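Reviewing the structure listed below.
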Amino acid sequence: MSKALDGIRILDFTHVQSGPTCTQLLAWLGADVIKVERPGVGDATRKQLVDVEGVDSLYFTMLNHNKRSLTLNSKHETGKQVLERLVKKCDVLVENFAPGALDRMGFGWDRIQELNPRMIMASVKGFGPGPYEDCKVYENVAQCAGGSASTTGFHDGLPMVTGAQIGDSGTGLGLALGITAALLQREKTGRGQRVLAPMQDSVLNLCRVKLRDQQRLAHGPLTEYSQHGEGVEFGEATPRAGNDSGGGQPGRILKCIGWERDPNSYTYFITQAAAWPKICEVIGKPEWKDNPDYATPPARLPRLNEVFDEIEKWTLTKTKYEVMDICNPLDIPVGPILSMKELADEPSLRETGTIVEVDHPERGKYLTVGCPIKLSDSKVEVTRSPLLGEHTDEILADVLEYSADEIAEIRESGAI
Ligand code: CAO
């Protein structure tokens, strides 16, 4: 079966998480991704968070599936010549170096265009143009600078970062979309273009509901936030809303059987307006259906703590799975708090390829995430990440068409 991005070759100059997320997605969609790494060193994550001594870390393997690895010193004279040839043979260059690093290497946008006017050059940076454009940025910096941390956590607690890597993996996803759009546009124009995905912008984009609330604040308190019912004044900025639902349907995390022993025995419970009569029946409060203090969403807003306390009395008599089994047929939206262990063991996620077991020659079998986007005509097969420089000779010969003697010379020079 063919793949969506068959025939597209990516020069993958990415490292750590944000850029590799993007190129891994492109590889899953069928692109030939050539990861360029420094000889003898490679992507720093190969040797970070090591769980098994001497083998590539899970951090690296889980971000670099379906790629080929070429070692190349891009600051070495011969290395630069090889890189020039690579630029001419590839469709897209993806990078997430610190600002200015590519220019210092001699491969800024002008040079890339000179070498290959069809080349799409895609970058992740911490910030877009502006006062912070020269900063180096990691995940949590982006979460803080993009508005996520100031709006996550409880209103009387510290700002919080989230476990979902919205700065890195979130930005990588967006960059992949930009690249595929640029590839489509190139079909019509014949020209490449620059694609930039700043991490701050990506995080802020994912936090748009909080920017919405910032503007709603000008017109009065945010009545669906718990703090309103608790009589706590709002300040000038969108506050942290704990586990309040982000939308117009109030929701909370509630305890289930076993919460004292199991940190994940909780359910998310949404009091969707349309389901209210059924919720009243299920929790044993049928009188709330017609009581004007509880019957409508606006009437319930100042009483949400009482409402959820009452619902929790019911969820405390059930496991999180029982809550799901009872509420789902009644169209009451609930969600069990699933641990990583439970997700790793979930058979349906294995069947859809969302969680995949991969075999690695050095580390053996391990679990990883598969492609979260499913295409009916472009099936994804997750293959293991490459060893450092595993495909150097193969790429020099097949893609760059160097002869065996030339490859030996390049090796001799110390560039690969
Ligand atoms: N051959 C020769 N040199 C190479 C090379 C190769 N194959 N690959 C990389 N290098 C060089 C770079 O040219 C750079 O050299 P100079 O500083 O002399 O220009 C150097 O290696 C280090 O690159 P870097 O500055 O990007 O790496 P860092 O570890 O210092 O910083 C990071 C890492 C992530 C903070 C920075 O790259 C960054 O801010 N990137 C953009 C934002 C981003 O993607 N952040 C997410 C990372 S995941 O949390």
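Both ligands and their constituent atoms are indexed starting at 1 by order of listing. For the single chain, residues carry numbers from 1 onward in sequence order. Note that the structure is a prediction, hence the values are computed from the model and not measured.
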> Considering residues at least two apart in sequence or located in another chain, which fulfil the ring pair (Phe, Tyr, Trp, His ring centres under 6.0 Å) criterion with Phe269?
Replying inline: none
> When you check the gap from the basic side-chain N to the acidic O, do Arg68 and Glu394 get nearer than 4.0 Å?
Replying inline: yes
> Exactly which residues line ligand 1, taking a heavy atom under 4.0 Å from it as the test?
Replying inline: His15, Val16, Gln17, Ser18, Glu37, Arg38, Leu72, Asn73, Ser74, Lys75, Asn96, Phe97, Ala98, Ala101, Arg104, Met105, Val124, Gly126, Lys136, Val137, Tyr138, Glu139, Asp168, Met199
>> Distance to the ring centre below 6.0 angstrom and angle to the axis at most 45 degrees; does that hold for Arg252 and Tyr266?
In response: no
>> Closer than 3.5 angstrom, by distance alone: can the side chain of Lys35 be matched with the main-chain N or O of Leu11 as a donor-acceptor pair?
In response: no
> What residues form a ring pair (Phe, Tyr, Trp, His ring centres under 6.0 Å) with Phe127, not counting sequence neighbours?
Replying inline: Tyr132
Identify each donor-acceptor pair in which a side-chain atom of residues 153-163 lies under 3.5 Å from a protein atom, sequence neighbours left out, and give them as a table.
from, atom 1, to, atom 2, distance (Å)
His155, NE2, Glu230, OE1, 3.3
Thr162, OG1, Ala164, N, 3.0

